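All ligand and atom numbering here is 1-based and tracks the order in the structure. Owing to the predicted nature of the structure, the values given are computational and were not obtained by experimental measurement.
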Amino acid sequence: MTSSTNKGKVNPDLINERNKCTFNTLELTHLLDGDEVKTKERKSRESFFLDDADLKTEVPIEYLSHKEKYEEAVRKACIVFRKVQQLQNEGKAGVDNYREILGGQLGSALLKDGHPLTLHYVMFIPTLMGQATIQQQAEWIQKAWSCNIIGTYAQTELGHGTFIRGLETIATYDPKTEEFVLDSPTLTSYKWWPGGLGQSANYAIVLAQLYTLGKCHGIHPFIVQLRDEETHEPLSGIIIGEIGCKLGMNTTNNGYLGFNKVRIPRTNMLMKNNQVLPDGTYVKSPSSKLTYGTMIFVRVVLVQDAATYLKKAATIATRYSAVRHQSQIKPNEPEPQIIDFVTQQHKLFPYIATCFAFQYSATWLWELYNNVTGELESGHLDNLPELHAASCVLKAVSSADAALGVETLRLACGGHGYMTSSNLPTTYGLVTAMCTYEGENTVLLLQTARFLIKIWQNKTNVTNLPTVRYLQNSLNRNSPFEKTVSWIISALQQTATGKIDLANRHINERVKKGEAYEDAWNNTSIELVAAAEIHGRTFIVETFFSTVQKLRKQTSVELGTVLSQILELYAVYTILRSTGDLLRFTRTSSQDIELLQGWLEELLAAIRPNAVGLVDSFDMRDEVLASTLGAYDGNVYQRLFEEAQKSPLNSEPVNKSFHLYLKPFMKSNL
Ligand SMILES: CCCCCCCCCCCCCCCCCC(=O)SCCNC(=O)CCNC(=O)[C@H](O)C(C)(C)COP(=O)(O)OP(=O)(O)OC[C@H]1O[C@@H](n2cnc3c(N)ncnc32)[C@H](O)[C@@H]1OP(=O)(O)O
Ligand SMILES: Cc1cc2nc3c(=O)[nH]c(=O)nc-3n(C[C@H](O)[C@H](O)[C@H](O)COP(=O)(O)OP(=O)(O)OC[C@H]3O[C@@H](n4cnc5c(N)ncnc54)[C@H](O)[C@@H]3O)c2cc1C
């Protein structure tokens with residue numbers, strides 16, 4: 001395994017761990033990438049970017065000012081995307097490459113705290129592709145791909161992010177001039193949050209309430225020029241700026257935007273779905289929800305991104321746990337590697353397994369997305385609700401668990417995990433943002449609950465709906481405990497069904513007592529969110545199970561065994577998170593729970609010799625990990641010490657504040 005670019009002497013503990021590994025890590029790397037060729041391609045792409053001297057930064061960005069951080073991010077982003085264009089011209093830049101370059105793999109290695117141009121690629125271009133007419137695409141797409149214009153997606157406002165029907169920005173059609181007039185009537189109508197909007201973008205897709213011939217038709221997308229293409233000065237009527245420091249993502253240049261009667265041509269409304277004719281006549285699309293298409297796309301790609309960030313944190317914490325020695329298990333014995341504490345294994349190994357679980361669900365969701373968007377192109381909307389429900393729950397569960405996972409893995413590194421040089425705090429900042437953006441998680445779980453309850457109430461035929469097929473017959477399933485993943489899936493399905501059924505009964509009871517349906521829904525929403533969440537987790541276990549079944553046919557026996565162990569670990573860990581529900585909704589007994597706990601402990605012990613091998617298989621280069629604790633060679637203490645020397649406070653023996661403040665203060669106290 002040559003995942004490292006650091007050729008330092010490898011820590012003996014890691015050598016020992018690697019010697020103990022029972023499977024070929026390279027075989028697993030190929031499996032995770034797709035095959036050997038794809039691994040090679042990825043590695044060559046990584047070298048193409050990471051070996052570029054212009055993309056290396058000597059001073060850790062944490063020591064730069066807010067402004068310097070942004071300027072450095074723009075410098076690097078331009079080099080990165082110039083290189084992307086080069087790949088594109090050579091026909092080597094597919095969606096997977098963009099995922100790496102913009103997401104948690106290469107992206108966060110190149111621009112550690114966020115890209116100012118991400119929204120251009122992740123939402124501006126996809127919105128043009130999904131919502132612009134052929135003529136509009138001809139006008140804008142090429143300019144956007146070649147970055148002659150830089151765009152963002154301006155939907156959220158100061159007053160509204162979730163409830164997009166309540167957005168206040170107005171686009172009023174003027175048939176006399178064939179223009180829309182954009183206006184921000186209140187402070188709360190100012191756009192607030194769009195990435196890259198502050199100082200980077202000169203165009204935006206703006207979501208605004210469309211008024212034509214005196215009638216409001218709800219929110220619609222418009223392409224709006226914000227800044228002069230030469231001088232970059234804001235255009236007349238455009239009030240624009242950056243929103244300030246955040247918990248993380250401090251180089252994404254999130255901005256605010258107001259309009260003072262800004263006129264744009266009629267043809268700047270994206271009209272693939274809905275149209276305004278020159279005389280002001282409104283032509284409606286078959287579904288008002290097609291305007292929400294870009295949000296589905298991003299929710300879909302985020303599931304893979306959650307897996308990538310978790311892989312990074314799991315690699316750092318597992319390698320660190322193998323080289324860190326602390327305390328004693330038995331008196332008079334040497335201090336063990338902290339990875340030998342079972343509580344430590346419980347912090348690490350389930351999250352290693354979760355990386356696989358999320359990756360497989362992400363692949364499944366990406367395929368569903370491609371199929372359903374293909375169907376939408378030919379006017380078939382039947383599978384859109386399932387895609388929406390699946391993307392909502394998978395985005396919510398994967399981002400929530402990845403954020404919890406990164407924080408757990410940071411805590412697993414003790415004090416050193418708190419150092420920014422471990423890269424765990426920054427990684428947490430990036431991952432926890434995912435729980436809010438692109439649909440706040442509770443809100444998304446309620447969207448999935450809405451779909452589940454609708455199906456349950458209407459007794460919809462679910463045979464052709466893969467995510468909910470289990471609802472058909474799992475309410476009364478009652479099989480005794482078996483130590484198999486199939487049993488766990490069936491028990492989870494029964495639990496999810498029971499929770500959906502109960503939430504539905506509570507809504508009905510409340511309605512019978514006289515509550516309006518919407519109030520009954522709100523009053524039952526704690527249960528609805530919990531039902532959607534377990535539905536999502538059940539699906540992830542099921543997908544992991546079916547994927548491993550398929551993969552085992554092509555892997556070596558050794559790797560097949562390890563894959564089965566991590567699948568079992570994920571399944572047992574997941575079901576043990578819902579012990580209370582298991583006892584409520586299935587015939588599982590407390591003795592069965594003890595058996596599950598014993599199974600969990602057996603699995604932790606079985607995975608222990610392969611833990612380092614598993615994270616090595618993720619094959620994340622040291623530059624991607626960017627961590628003093630996670631490098632391939634495990635020289636943790638040396639790296640921590642070297643990084644500390646970079647603190648500007650260590651550049652002089654005595655800081656001037658001593659003479660200015662501390663010394664007078666100390667003397668005055670004599
Ligand atoms: C080029 C490759 C690139 C690869 C890159 C990979 C790298 C990754 C890097 C990622 C970096 C990402 C940075 C992104 C930054 C974040 C950007 C944002 O936050 S942007 C801002 C993001 N902002 C948000 O996400 C805002 C969140 N809010 C919302 O999405 C909505 O307002 C709502 C869904 C909550 C409610 O909407 P409302 O209109 O009030 O709806 P109701 O509740 O009344 O339900 C009515 C009916 O509609 C249905 N339906 C609903 N949605 C959809 C849908 N999408 N579809 C279909 N159907 C949908 C619903 O099921 C229901 O059906 P039925 O039961 O009647 O049959
Ligand atoms: C880092 C980052 C980047 C972003 N980038 C962009 C961007 O590029 N473009 C853009 O347009 N936007 C962007 N956003 C905005 C983002 O999409 C919104 O913040 C998000 O959709 C949540 O909306 P909100 O902030 O209004 O939260 P709110 O809806 O105000 O949420 C606050 C609380 O209210 C609860 N709540 C709200 N509605 C309901 C409900 N119906 N039922 C139950 N509970 C509810 C939520 O669960 C939450 O607990 C970004 C946000 C962040 C943090």
Side-chain angles (χ1 to χ4, degrees), residues 84 93-108 114-115 118-127 129 145 152-167 191-197 201 204-207 218-219 243 246-250 252-255 257 287-306 308-309 366 372 376 381 383-389 391-392 395 429-430 432-451 453-455 518 521-522 525-526 528-529:
V84 172
V95 173
D96 284 350
N97 312 152
Y98 277 103
R99 274 198 191 147
E100 279 167 23
I101 291 155
L102 294 160
Q105 180 94 5
L106 262 174
S108 63
H115 305 222
T118 299
L119 263 283
H120 174 70
Y121 285 97
V122 180
M123 295 197 81
F124 182 71
I125 294 179
T127 308
M129 285 163 68
W145 268 122
T152 183
Y153 184 83
Q155 179 173 290
T156 307
E157 297 174 355
L158 254 180
H160 292 93
T162 291
F163 185 60
I164 52 185
R165 278 187 284 140
L167 295 178
K191 296 294 173 189
W192 193 269
W193 271 120
L197 174 65
I205 305 288
V206 173
L207 276 290
I219 60 162
I243 64 173
K246 297 149 293 183
L247 187 153
M249 303 187 77
N250 277 301
T252 48
N253 197 224
N254 299 85
L257 172 65
S287 163
S288 61
K289 301 306 165 201
L290 293 176
T291 313
Y292 297 180
T294 317
M295 288 186 278
I296 297 193
F297 166 72
V298 181
R299 287 167 196 156
V300 167
V301 294
L302 284 177
V303 181
Q304 177 59 56
D305 223 30
T308 308
Y309 282 114
W366 180 242
V372 175
L376 293 180
L381 301 171
N383 292 317
L384 181 60
E386 191 183 33
L387 171 64
H388 170 53
S391 59
C392 282
K395 181 275 188 184
L430 295 171
T432 196
M434 258 188 226
C435 300
T436 304
Y437 66 56
E438 220 50 67
E440 194 280 327
N441 278 355
T442 304
V443 169
L444 294 190
L445 289 169
L446 285 168
Q447 285 291 308
T448 305
R450 181 176 164 124
F451 173 75
I453 291 289
K454 215 167 150 185
I455 287 202
E518 294 78 5
W521 175 271
N522 187 29
S525 56
I526 298 172
L528 287 164
V529 163

Mark yes or no for whether [X], through its side chain, and [Y], through its backbone, hold a donor-acceptor pair below 3.5 Å.
X	Y	value
Thr432	Gly429	no
Glu157	His160	no
Thr152	Ala204	no
Asn522	Glu518	no

Can you tell me which residues line ligand 2 if we count any heavy atom under 4.0 angstrom from one of its atoms, in chain and number order?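 Leu119, Tyr153, Gln155, Thr156, Gly161, Thr162, Trp193, Pro194, Gly195, Met249, Asn254, Thr436, Tyr437, Glu438, Gly439, Glu440, Thr442, Val443, Leu446.
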Worked check of side-chain contact (heavy atoms from CB on, under 4.5 Å) between Tyr121 and His115: CA-CA 11 Å; Tyr121 285 97; His115 305 222; over 6 Å; no
Over all atoms of both residues, closest heavy-atom pair of Gly161 and Thr156: CA-CG2, 3.5 Å
Closest heavy-atom contact between Val303 and Lys395? CG2-N, 3.9 Å
For Arg450, enumerate each residue passing the salt bridge (charged side-chain N to carboxylate O under 4.0 Å, His left out) test, keeping only those at least two apart in sequence or located in another chain.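 Once residues adjacent in sequence are excluded, Arg450 has no partner under the salt bridge (charged side-chain N to carboxylate O under 4.0 Å, His left out) criterion.
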Output block, N or O contacts of ligand 1, threshold 3.5 Å exclusive:
residue: ligand 1; atom: 19 (O); partner: Glu438; partner atom: N; Å: 2.9
residue: ligand 1; atom: 23 (N); partner: Gln155; partner atom: NE2; Å: 3.2
residue: ligand 1; atom: 25 (O); partner: Arg299; partner atom: NH2; Å: 2.8
residue: ligand 1; atom: 25 (O); partner: Gly439; partner atom: N; Å: 2.9
residue: ligand 1; atom: 28 (N); partner: Thr162; partner atom: O; Å: 2.9
residue: ligand 1; atom: 30 (O); partner: Arg299; partner atom: NH2; Å: 3.0
residue: ligand 1; atom: 32 (O); partner: Thr162; partner atom: O; Å: 2.8
residue: ligand 1; atom: 39 (O); partner: Arg165; partner atom: NE; Å: 3.3
residue: ligand 1; atom: 39 (O); partner: Lys289; partner atom: NZ; Å: 2.9
residue: ligand 1; atom: 39 (O); partner: Tyr292; partner atom: OH; Å: 2.6
residue: ligand 1; atom: 40 (O); partner: Arg165; partner atom: NE; Å: 2.9
residue: ligand 1; atom: 40 (O); partner: Arg165; partner atom: NH2; Å: 3.0
residue: ligand 1; atom: 43 (O); partner: Gln447; partner atom: NE2; Å: 2.9
residue: ligand 1; atom: 44 (O); partner: Arg165; partner atom: NH2; Å: 3.1
residue: ligand 1; atom: 52 (N); partner: His388; partner atom: NE2; Å: 3.2
residue: ligand 1; atom: 65 (O); partner: Arg450; partner atom: NE; Å: 2.8
residue: ligand 1; atom: 65 (O); partner: Arg450; partner atom: NH2; Å: 3.3
residue: ligand 1; atom: 65 (O); partner: Lys454; partner atom: NZ; Å: 3.3
residue: ligand 1; atom: 66 (O); partner: Arg450; partner atom: NH2; Å: 2.8
residue: ligand 1; atom: 67 (O); partner: Lys454; partner atom: NZ; Å: 2.5

Anything under 3.5 Å between a donor and an acceptor, one on a side chain of residues 292-300, the other on a protein residue two or more places apart or in another chain? List them.
residue: Thr294; atom: OG1; partner: Thr127; partner atom: OG1; Å: 2.9
residue: Arg299; atom: NE; partner: Glu438; partner atom: O; Å: 2.8

